[in-house]
There are 4 protein chains.
Amino acid sequence: VIGVGLVGAGYWGPNLLRNFADAAECRVVAVADRSRAQLEPLGRRYPTVELLTDAKEVIEHPDVDAVVVATPVSTHYEIARSALEAGKHVLVEKPLAANADQGRRLLEEAERRGRVLMVDHTFIYTGAVRCIHDLVRRGELGELYYYDSVRINLGMFQSDVNVIWDLAAHDLAVLDHVVPARPVAVSATGSSHVAGNPEDIAYLTLHFDDSLIAHLHVNWLAPVKVRRTLIGGSRKMIVYDDLEPSEKVRVYDRGISARGSLRDLQIHYRAGDVWSPRLDVTEALAVVVAHFLACIAGRERPLSDGAAGLRVVRLLEAASRSLAERGRPVELGPG
Amino acid sequence: VIGVGLVGAGYWGPNLLRNFADAAECRVVAVADRSRAQLEPLGRRYPTVELLTDAKEVIEHPDVDAVVVATPVSTHYEIARSALEAGKHVLVEKPLAANADQGRRLLEEAERRGRVLMVDHTFIYTGAVRCIHDLVRRGELGELYYYDSVRINLGMFQSDVNVIWDLAAHDLAVLDHVVPARPVAVSATGSSHVAGNPEDIAYLTLHFDDSLIAHLHVNWLAPVKVRRTLIGGSRKMIVYDDLEPSEKVRVYDRGISARGSLRDLQIHYRAGDVWSPRLDVTEALAVVVAHFLACIAGRERPLSDGAAGLRVVRLLEAASRSLAERGRPVELGPG
Amino acid sequence: VIGVGLVGAGYWGPNLLRNFADAAECRVVAVADRSRAQLEPLGRRYPTVELLTDAKEVIEHPDVDAVVVATPVSTHYEIARSALEAGKHVLVEKPLAANADQGRRLLEEAERRGRVLMVDHTFIYTGAVRCIHDLVRRGELGELYYYDSVRINLGMFQSDVNVIWDLAAHDLAVLDHVVPARPVAVSATGSSHVAGNPEDIAYLTLHFDDSLIAHLHVNWLAPVKVRRTLIGGSRKMIVYDDLEPSEKVRVYDRGISARGSLRDLQIHYRAGDVWSPRLDVTEALAVVVAHFLACIAGRERPLSDGAAGLRVVRLLEAASRSLAERGRPVELGPG
Amino acid sequence: VIGVGLVGAGYWGPNLLRNFADAAECRVVAVADRSRAQLEPLGRRYPTVELLTDAKEVIEHPDVDAVVVATPVSTHYEIARSALEAGKHVLVEKPLAANADQGRRLLEEAERRGRVLMVDHTFIYTGAVRCIHDLVRRGELGELYYYDSVRINLGMFQSDVNVIWDLAAHDLAVLDHVVPARPVAVSATGSSHVAGNPEDIAYLTLHFDDSLIAHLHVNWLAPVKVRRTLIGGSRKMIVYDDLEPSEKVRVYDRGISARGSLRDLQIHYRAGDVWSPRLDVTEALAVVVAHFLACIAGRERPLSDGAAGLRVVRLLEAASRSLAERGRPVELGPG
């Protein structure tokens, strides 16, 4: 069995721990966190796991084959790189790193060492996004027109990264996974409402080579929780509402068609049936864990590999740059 | 009683006609439209109204004191100006004119002639927006943080104006009415999906002098209809959902507060009650009509006067400019 | 063209009038109502229609071929019978009559005179119910398990009939149309909360020969409006929500299957896709009017003929009887 | 600390175990279940808890002061009685017992031994029901008019008890807690759709001495999940939707008022604001556990004591009797 070590027992760490503990293909060897207070409840619940206060001890632990990094973004690079250098496989919480340069180095290190480097882009492993991915890639939607996501709620302010790095990272990962085309420029606007804190509201537009447009709205200051994505195509359209208890994905057989000459163009509306496919309801994080372990066992490249993680980080970086200039478009250039 | 003449019997004209016909303070004298087919059903329903095919005949009609303009935007200026020059009061469908220059001239003409010039910013006369206006202006929300509106649905493509001029005009009118501050710059992105047609999807960000940010999402290509505005303040937040049958406005006693020093800032979340005030349900257009007639009778300045109409047109113009440059911010400058 | 006379210009009459006025196959000759105040606005809107204060004048009017009865239930019988006796076709507002005996006599009179007798069971002419009817009758749902409807809201108290005669009449008409089986007994409970007034809340259970069960909840005292029907079958289930703006009918591929012996029975749950068929959105009352006129022209029997009207009245009668005895089941016996 | 023993590790047992394990005032000594397979995962998660296969061993365990019974209803009586006879305090899953006679004997035994007997009526310990209880008992709703609950979904068929004993037990417990008056008769209808199985759909009406009426709809065969209760009063009305993520309770300032004489009664509708109070979001089961332990420590009578449990069982019994007779009302008589 694969020996797993977890670094970071904050918000997301315990969820990762629970899923690795439930997986038969591995054994959780050790958990490290600077805060003893964070470790204590984990110790009660998982009495066989070693509790450590230094990430280094996990990385260098002889029984640890794979290191899971669930620390603040600013520390991802150093921990992940050390782990790769120690010959360990690595699963990093999203986003992969604090900037593209770091991301690129992690990729290179993983390649050099022949180790699995995976980013926890959790959402792409949900039943909903896997279903949407299949629909889009099979061409069910026709030509893609737009991708519009809203991810807002009150709470979970972070002081080290802005709302884009926190929330939009999720949507950019989904977008990167679902949409075949790659954006060429980003325009972002936003605002901060706590003095000295990063932006708590932001709007991102991703420009593509053709008429496809993507837009993300992220907000830590909303009175209500919304997790909704619209994907429009020439043939069909999708509404993905992650808060719906069961019908998270709805496929609308709706659209327009243009007839006549350019001088006398007539737009016709089409409204057909609506269809909500049954979704796999396995917890996404359990799929993440199983996929990571399977990639280690089979030496395969994960769906959310370092390259995917890097693409997302580059978008985050470009968006933050545009944000500072009130929406001036920032070109992405080649990878 | 005030003699009223209507120019334009297309989509919105019949609604205006119905409300003017129901008002006791006026008499509808004549309706003009180039298309006989549009006039015919109106003739059956209102047998005493004269049916004309030339706007000029309405404007010059001796029994007409006030001209209502419900034609395509590109013709607003000429018809409204002629009517003002003929000494008539004028109510113009939104937006006031096709560009700021035209809008400014209409204002001047109305001033010169001492006539009422009103724009039909219908939404500001709804019970919901009047309630929101009162809450914001009374300071119930505290400092304004953001204004976020979504107005999307499938249909009603227009080929002469883009989706901003069609749909965002509504939200800009509401924003202009509710928010005391004036925007200093606009950034807009969007896309067109019918060759040769204007943009059918657009996103606008309005920048202000302080941390207030406003954002509008308008879309003719959405599979579902959404009419939702979030207004966030330091003390309270509002969700205004125009599609809710009865609880259109919800006031959330929610927010954050920051404590401690800048170095060790702690954000606290506050979640209190939610309150949905009872709203006046009078049809907004009936209020528009009554207000227009009362302004004529009392020589008063309407809430949505020419100046308000001009402010909205300037925003539309700036947004279209930014749109063409993928979001580059366009400064608004002084009026 | 068919000459139409309307008796009753109260709540529903103007809707009928508007639809008959819009139909090309007929001409509305006269409208009668005891109240001049009710007639006046109709006169303004339809200047060619004769306004009368005595139903008799409509019934005996030589240009009237068909009489539409939109008066309180207690007067349906007398007006409809007189009209049939005068050789006129008759469309009666639901319910057909105030008791089964009256209903039976109207049927006989219509048969004797060879005239069309139709009840305005409006809902069975909606796109939603027509779609449900087709699904059920094609066997898509498998064996029918239950029919459960909720029709509640605040308002429209009536003092002459209880809430069953007012609201449940709609659901019984839909049930009678959609479900092939006929109920054998009714059990009803309810309560009145205004001294001297009939019941304002009621619950009806309809028993059938097999395991099918139908239940209706009607309530004039609810804080929210609900119009929702669940229809469960062995293969599929329907949720019909009349307040949904577009997806009024949803078909759930969900159910259970029992395996094993009776001693060791295992119930398996099945949850497949959900599907929302596109519906015809023609106003139901326009379909009612067109159907009535077509039946007159072609001497055909309407979908909601006197017999259907009578079946609904018999259920209303039995339910009221059970209501008075706190739910004691009342057998229906043969028609 | 109080020593706790759990009998029954099926569906609900693990939830109870988790909450007792988290409580500082007690120590979970042992868990018993006939099935080793059920015990195994609990053993992994709680390595210090003794795993037993005989309820007797838990009951007679010298370190066990309180026994928690989470077994099928048919076994509640025997286990709870043995535990009381052994001098242990007892918390029983709802419903208290399989019939009123058993319930009465448990009450007597608890009284005789001076031990705490509590039923796990979980819902009355939720923030939502506690809020509703306060509103009703403070008289905010005025005179109570009706109580209407719907608790339906697909799944969790039980073969030993009908849907009333499973689902309506929850609503009867809430009703018993919130409504001061006691019902005088019950009328119930329902149906079974799996041969040899108990009823899977049922409707209960509870009659009271005055015009208050209560109705419950429970259904294991619904395509959608609904958990909604309406409570109507002369002054205000409540909608309690347990599936709403945050605004579970809404208070509507709506109602009617009757004016004039009985001969000329006029009903007026009143529609004021809607208000959604902030609720305590502590997990209800944690409150149950804390309350049970506090009652043991302080020798206090629990909110959901044996008497409350017995009242609910008597209603369940009467409802099942009426169900067999298609709704014939069954009198409840004095306790």
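- Listed here is the closest heavy atom pair of S192(D) and S211(C): O-CB, 3.3 Å.
- Annotation: side chain of L221(C) is in contact with side chain of M237(D) (closest heavy-atom distance under 4.5 Å).
- The contact between V226(C) and chain D is made entirely by side chain atoms (from C-beta outward), counting heavy-atom distances below 4.5 Å.
- In this structure, the portions of Y145(C) lying under 4.5 Å from any heavy atom of chain D include both its backbone and its side chain.
- When all heavy atoms of T189(D) and I213(C) are compared, the closest pair comes out as C-CD1, 4.3 Å.
- The most heavy-atom pairs under 4.5 Å with chain D, out of D210(C), I256(C), I152(C), D253(C), come from I256(C).
- Taking all atoms of both residues into account, the shortest heavy-atom contact from P329(D) to G327(C) is CD-C, 4.2 Å.
- Heavy atoms closer than 4.5 Å to chain D are found nowhere in D200(C), neither backbone nor side chain.
- Residues I267(C) and N197(D) form a side-chain contact, since some pair of their non-hydrogen atoms from C-beta on lies under 4.5 Å apart.
- When all heavy atoms of P223(C) and V239(D) are compared, the closest pair comes out as CG-CG2, 3.8 Å.
- Below 30°, between 30° and 60°, or above 60°: for Y146(C) and H193(D) the angle between ring planes is above 60°, a perpendicular geometry.
- Judged by distance alone, the side chain of S191(D) and the main-chain N or O of L212(C) form no donor-acceptor pair under 3.5 Å.
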